[in-house]
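For reference, the structure discussed in these notes is given below.
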Amino acid sequence: YHVYTAEQLAYVLSTDQEWKYIYLENDIYLNDLSDFEIWEMVGSEHNWISNDNVSKFTHVSIYGNNHMIYGLFDYNEGGSAGLVHTNKTQGHLSFYNLGIDYAYIGGKYASAFLGTMDTGNNGYCNVTFENCFVGENVKIIGTEGSGGFIGGYGWYSGIQAPTLPKTARL
């Protein structure tokens, strides 16, 4: 899918399909940013879609092509919130060359990119981030877990901290 608009991005993330490759061809504006400073108090014009369908995918790759997603407002009290809410058992989710800025995200598990990895008791899921970032104008509030890239993960997710050489800088 080649995505040029917010409506197209919402559509491709909410449709059920086993394999999906998404290419952003423009910066995507999900909301008017002129009232961004008051979103925490009054919300925004458009709350982001409930895209829990991602659990039905076998493989989803989002190629940002060095574009940005602006104006993500996702408030999902008691659930997961973010560009993608949940990556479930045996799911493969990848983000490449993508930035998110001017966003307000709140939920039980909240992050700019992936709300939660939910692997169940015997499953696994893979998530890849390559050359992605969360801008300085992003507010993330998770009541049980929050982060820039992943808000929370099941106890069986297999997330491991990377081993860095002694000369690496974070």
Side-chain angles (χ1 to χ4, degrees), residues 1-15 20-55 57 60-88 91 93-118 125-153 157 159 170:
Y1 293 94
H2 292 270
V3 173
Y4 294 86
T5 67
E7 294 78 14
Q8 290 173 333
L9 182 61
Y11 173 77
V12 298
L13 284 178
S14 63
T15 57
K20 194 175 289 195
Y21 298 93
I22 301 167
Y23 300 89
L24 268 58
E25 302 295 347
N26 288 319
D27 288 341
I28 303 292
Y29 288 83
L30 301 176
N31 278 291
D32 178 4
L33 301 179
S34 64
D35 61 351
F36 174 72
E37 296 299 325
I38 61 172
W39 285 4
E40 184 174 1
M41 295 177 287
V42 299
S44 73
E45 185 178 352
H46 303 286
N47 194 32
W48 187 231
I49 60 171
S50 173
N51 52 17
D52 291 328
N53 288 10
V54 80
S55 65
F57 301 150
V60 176
S61 294
I62 302 173
Y63 295 89
N65 293 325
N66 297 313
H67 290 293
M68 298 287 297
I69 295 175
Y70 294 106
L72 173 62
F73 181 89
D74 192 13
Y75 186 77
N76 187 10
E77 185 177 350
S80 296
L83 182 64
V84 175
H85 289 182
T86 305
N87 187 31
K88 292 206 176 187
L93 180 61
S94 301
F95 299 92
Y96 301 99
N97 303 308
L98 179 62
I100 296 176
D101 205 359
Y102 290 93
Y104 181 88
I105 302 150
K108 184 176 179 180
Y109 300 104
S111 91
F113 285 89
L114 175 61
T116 188
M117 294 171 57
D118 182 6
C125 59
N126 295 314
V127 179
T128 301
F129 298 95
E130 186 175 302
N131 197 30
C132 295
F133 72 94
V134 176
E136 65 180 320
N137 298 299
V138 175
K139 184 163 190 174
I140 300 169
I141 300 170
T143 57
E144 292 192 26
S146 63
F149 291 95
I150 300 174
Y153 56 89
S157 67
I159 292 179
L170 297 178

Roughly how far, to the nearest 0.5 Å, is the OG1 atom of Thr5 from the CD1 atom of Ile28?
6.0 Å

Can you say whether the rings of Phe73 and Trp39 are parallel (under 30°), tilted (30 to 60°) or perpendicular (over 60°)?
perpendicular

Between CG on residue Leu72 and OG on residue Ser44, distance to nearest 0.5 Å
9.0 Å

Parallel under 30°, tilted from 30 to 60°, perpendicular over 60°: which one fits the rings of His2 and Tyr23?
parallel

Please examine the side chains of Asn66 and Asn97, heavy atoms only from C-beta on, and report whether any two atoms are closer than 4.5 Å.
yes

Considering all heavy atoms, the nearest Ser14-Ile49 contact:
CB-CD1, 3.9 Å

Would Val84 and Val60 count as a side-chain contact (heavy atoms from CB on, under 4.5 Å) here? Give the steps.
CA-CA 11 Å; Val84 175; Val60 176; over 6 Å; no

Polar side chain donor-acceptor pair, Tyr4 to Asn26, under 3.5 angstrom:
no

Please find the pair of heavy atoms, one from Leu98 and one from His67, that lie closest to each other, and give the distance.
CD1-O, 3.6 Å

Spacing of Leu30 atom CG and Glu45 atom CD [to the nearest 0.5 Å]:
11.5 Å

Measuring only between side-chain heavy atoms, which start at C-beta, is Tyr102 closer than 4.5 Å to Asn31?
no

So do Val42 and Asp35 actually touch side chain to side chain, heavy atoms under 4.5 Å?
no

How are the rings of Phe149 and Phe113 set relative to one another: parallel (under 30°), tilted (30 to 60°) or perpendicular (over 60°)?
parallel

Using modelled atom types and a 3.5 Å cut-off, is there a donor and acceptor pairing between side-chain atoms of Asn65 and backbone atoms of Leu24?
yes

Gap between atom CG of Asp101 and atom CG of Asn137 - 0.5 Å precision:
4.5 Å

Would you indicate whether the side-chain heavy atoms of Leu114 and Leu83 approach each other to under 4.5 Å?
no

Is the shortest heavy-atom distance from the side chain of Ile62 to the side chain of Val3 under 4.5 Å?
no

Got a sec, which residues hit side-chain contact (heavy atoms from CB on, under 4.5 Å) with Ser61, two or more places apart in sequence or on another chain?
Tyr21, His59, Tyr63, Ser94, Tyr96

With a 4.5 Å limit on heavy-atom distance, are the side chains of His85 and Asp74 in contact?
yes

Taking the side chain as every heavy atom from C-beta outward, state whether Tyr1 and Gln8 have any pair of such atoms under 4.5 Å apart.
no

So does Tyr75 have more than 12 non-hydrogen atoms from other groups sitting under 6.0 Å from OH?
no

Which atom of Gly148 lies closest to which atom of Val134, heavy atoms considered
O-CG2, 3.3 Å

Nearest atoms (heavy-atom pairs only) where Ser146 meets Gly142
CB-N, 3.6 Å

Over all atoms of both residues, closest heavy-atom pair of Gly151 and Ser111:
N-CB, 3.4 Å

Nearest heavy-atom approach of Ala81 to Asn76 is CB-CB, 4.2 Å

Given side chains that start at C-beta, do those of Leu13 and Trp48 come closer than 4.5 Å, heavy atoms only?
yes

Ignoring hydrogens and geometry, is there a side-chain-to-backbone donor-acceptor pair from Thr116 to Gly152 under 3.5 Å?
yes

